[in-house]
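Here is the structure we will look at, set down as structure tokens.
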Amino acid sequence: MTYKPKSDFLQVMIARGYMQDCSDLEGLDEALLAGALPGYIGYDATAQSLHVGHLLNIMMLRWFQKTGGKPITLMGGGTTKIGDPSFRSEERPLLDDAQIASNVASMGRVFAKYLRYGDGPTDAIMLNNAEWLDGLNYVEFLRDIGRHFSVNRMLSFESVKSRLDREQSLSFLEFNYMILQAYDFLELYRRFGCRLQMGGSDQWGNIVNGIDLTRRITGAEVFGLTTPLLTTADGRKMGKSAGGATWLNAEMLSPYEFWQFWRNTADADVGRFLKLYTELPVEECERLGALGGSEVNAAKIALANAVTTLCHGEEAARAAEATAREVFEKGGVGADLPTVALGADEIPETGIPVVQLLVRSGLAGSGKEARRLIADGGARLDDRPLTDPGLTIGRDALAGTLKLSAGKKRHALVRLAD
């Protein structure tokens, strides 16, 4: 990269590793220097919570605000009714209006932890694209907006082309998604003077469509900026773990489990993740990332504490670290471990199979996985090796609290409900 940006935002993006592609780096730099530029990222409401895979872009919005930009979080109440086909092998399940509204409300609580909302020049605003998409007249939309799109070009975008190359069906409903997303950019420019759309690199085609549409209709100079799609050192998609998605809402994933996800970061990822997911100075991130041997554990704890503090608060981060020390260093139980509370009616007279408890606690994804875990010597009950997959646990044993473990780092408690 030969051009060196002058704006604080772009300097941060480059120094911390957020930058993948930019439609016009010099033009965006000048626009950022001119004042509080509105910029947005869109989030379809496909689940009750955002997950760690979204966190990179949430942090980008946070830095955008901290460096003088005006963030817009656009909730996809309208586009969720179609579903983004980008790089998917099949069509998303369609959600009804009530479920979408519930998801939007639940997801919105996460953003309030990272962004300052209000009426000030750099205060964030939250919008829902259902506001303008739900009332569109189809014929007028095709005439005024659809005529600006080339089907040939749309078919050339990698997100669509890869689906068709695999001879996997792409419905006409999904094909409309990129037109609606482009229309969002146009509407945000008209209503709020928004001149920047940000997102992951898988959204590049959709972002370019929005830039082109807005320029064609308004003549405005607008911009796109994308982040890299992250994978961990072992090649897994960021945010995926053995138990599924790493959710940001505490009711879907406890702060302790969230903390533990970051504590278990691979050595090779620590420095990079510190730059992307915390606000520690770059020099400190590099120092911590360069630690080796047992010292790298201190860097992982610093990462877990910093990320958990942003998402769940400092108190939750301290409690998670204390629980981890109790469990790992002192061999204790740890009150903040994930807990399964069983009703007495859920436990047969003959007892409940330990395999079922491993699945119920999230330590195994299925009974087959639980039995394999036991056979491989990776399961423990109250810190003792669990060797019998046919073991059943009676009500008397559950009168106290049992501790189940999968490997050295994943634990859960099982007890009778009060």
Side-chain angles (χ1 to χ4, degrees), residues 1-33 36-43 50-74 86 110-111 113-116 122 124 185 194-208 210-211 222-233 237-239 246 248 262 265 268-289 302-303 306-307 310-311:
M1 184 181 296
T2 56
Y3 179 76
K4 294 184 178 180
K6 302 178 184 65
S7 62
D8 291 342
F9 176 64
L10 290 180
Q11 288 179 10
V12 169
M13 291 297 97
I14 293 169
R16 302 189 78 95
Y18 289 92
M19 179 79 75
Q20 176 73 20
D21 291 302
C22 183
S23 60
D24 178 359
L25 191 61
E26 293 186 41
L28 176 56
D29 197 30
E30 292 176 6
L32 289 164
L33 291 169
L37 185 79
Y40 86 101
I41 297 178
Y43 299 86
L50 298 163
H51 55 71
V52 163
H54 296 108
L55 193 52
L56 185 70
N57 288 334
I58 296 174
M59 287 299 295
M60 184 162 62
L61 284 175
R62 182 175 172 87
W63 281 113
F64 187 62
Q65 184 171 55
K66 286 169 70 74
T67 54
K70 185 176 182 66
I72 298 173
T73 45
L74 180 65
S86 297
V110 171
F111 292 109
K113 300 174 182 179
Y114 291 89
L115 301 172
R116 181 187 67 256
T122 62
F185 202 169
C194 180
R195 296 178 61 198
L196 173 63
Q197 182 181 359
M198 297 170 280
S201 59
D202 60 335
Q203 294 298 311
W204 182 248
N206 290 333
I207 291 173
V208 169
I211 292 171
V222 296
F223 308 96
L225 178 69
T226 61
T227 58
L229 288 182
L230 289 187
T231 56
T232 56
K237 188 175 180 181
M238 186 61 188
T246 304
L248 304 185
W262 296 100
T265 295
D269 290 328
V270 174
R272 182 171 54 131
F273 288 0
L274 281 163
K275 289 180 184 178
L276 294 171
Y277 297 109
T278 82
E279 294 175 330
L280 293 174
V282 171
E283 296 77 11
E284 178 66 1
C285 295
E286 291 174 346
R287 184 191 71 80
L288 289 169
L303 171 67
V307 181
L310 283 172
C311 188

F223 side chain near Q197 side chain, heavy-atom distance below 4.5 Å = no
Are side-chain heavy atoms of Y114 and Q65 found at a separation under 4.5 Å?
-> no
L37 to A31 - nearest heavy-atom pair and separation | CD1-CB, 4.2 Å
Note, T73 side chain near L61 side chain (heavy atom, < 4.5 Å) | yes
Under a 4.5 Å cut-off applied to non-hydrogen side-chain atoms, are L55 and V307 in contact?
-> yes
Walk me through it: do F64 and L196 pass the test side-chain contact (heavy atoms from CB on, under 4.5 Å)?
-> CA-CA 11 Å; F64 187 62; L196 173 63; 3.9 Å; yes
Residue list, salt bridge (Lys or Arg N to Asp or Glu O under 4.0 Å) with E284, at least two apart or on another chain | R287
Looking only at heavy atoms, what is the nearest atom pair of P71 and G69, with distance?
-> CD-O, 3.5 Å
Side-chain touch T227/M19, heavy atoms, less than 4.5 angstrom | no
K4 NZ to L10 CG distance, which is reported to the nearest 0.5 Å = 15.0 Å
Can you measure from CG (L229) to CD (Q20) and round to the nearest 0.5 angstrom?
-> 7.5 Å
Which atom names give the shortest non-hydrogen contact between F9 and M60, and what distance separates them?
-> CE1-O, 3.8 Å
Would you mind reporting whether V208 and S23 have side-chain heavy atoms less than 4.5 Å apart?
-> no
So salt bridge (charged side-chain N to carboxylate O under 4.0 Å, His left out) across residues 270-280, not counting sequence neighbours, yields R62-E279, K66-E279, D269-R272, K275-E286
Under the side-chain contact (heavy atoms from CB on, under 4.5 Å) rule, what do C194 and K70 come out as? Steps first, then yes or no, please.
-> CA-CA 9 Å; C194 180; K70 185 176 182 66; over 6 Å; no
dist T67:OG1 -> L32:CG (nearest 0.5 Å) comes out at 7.5 Å
Taking every non-hydrogen atom, the tightest pair across L248 and K113 = O-NZ, 4.4 Å
Distance (rounded to the nearest 0.5 Å) between L50 CG and T246 OG1 | 13.0 Å
Scanning both residues in full, the closest heavy-atom pair of Y18 with M59 reads OH-CB, 3.5 Å
Should L280 and L288 be marked as a side-chain contact (heavy atoms from CB on, under 4.5 Å) after you check the CA-CA gap, both sets of side-chain angles, and the distance that decides it?
-> CA-CA 10 Å; L280 293 174; L288 289 169; 4.2 Å; yes
E26 and Y3: side-chain donor and acceptor closer than 3.5 Å?
-> no
Mind checking the CG-CE spacing from N57 to M198? Nearest 0.5 Å is all I need.
-> 8.5 Å
Can you list the residues that meet the side-chain hydrogen bond (donor to acceptor under 3.5 Å, both in side chains) rule with T122, with sequence neighbours excluded?
-> R116
For the atom pair CG (D29) and OG (S7), what is the distance rounded to the nearest 0.5 Å?
-> 4.0 Å
Got R195 and F185 here, is their nearest side-chain heavy-atom distance under 4.5 Å?
-> no
Partners of Y277 by ring-ring contact (aromatic ring centres under 6.0 Å, His included), sequence neighbours excluded?
-> W262, F273
What residues, two or more places apart in sequence or in another chain, satisfy ring-ring contact (aromatic ring centres under 6.0 Å, His included) together with F111?
-> Y43
For S201 and D21, does a side-chain donor sit closer than 3.5 Å to a side-chain acceptor?
-> no
What residues form a side-chain hydrogen bond (donor to acceptor under 3.5 Å, both in side chains) with T278, not counting sequence neighbours?
-> none
Provide the closest heavy-atom pair for L225 versus C22 in the form atom of the first, atom of the second, distance.
-> CD1-CB, 3.9 Å
Can you find a pair of side-chain heavy atoms, one from L115 and one from I58, that are under 4.5 Å apart?
-> no
Yes or no on side-chain contact (heavy atoms from CB on, under 4.5 Å) for T265 and L303, after CA distance, side-chain angles and deciding distance?
-> CA-CA 9 Å; T265 295; L303 171 67; 3.5 Å; yes
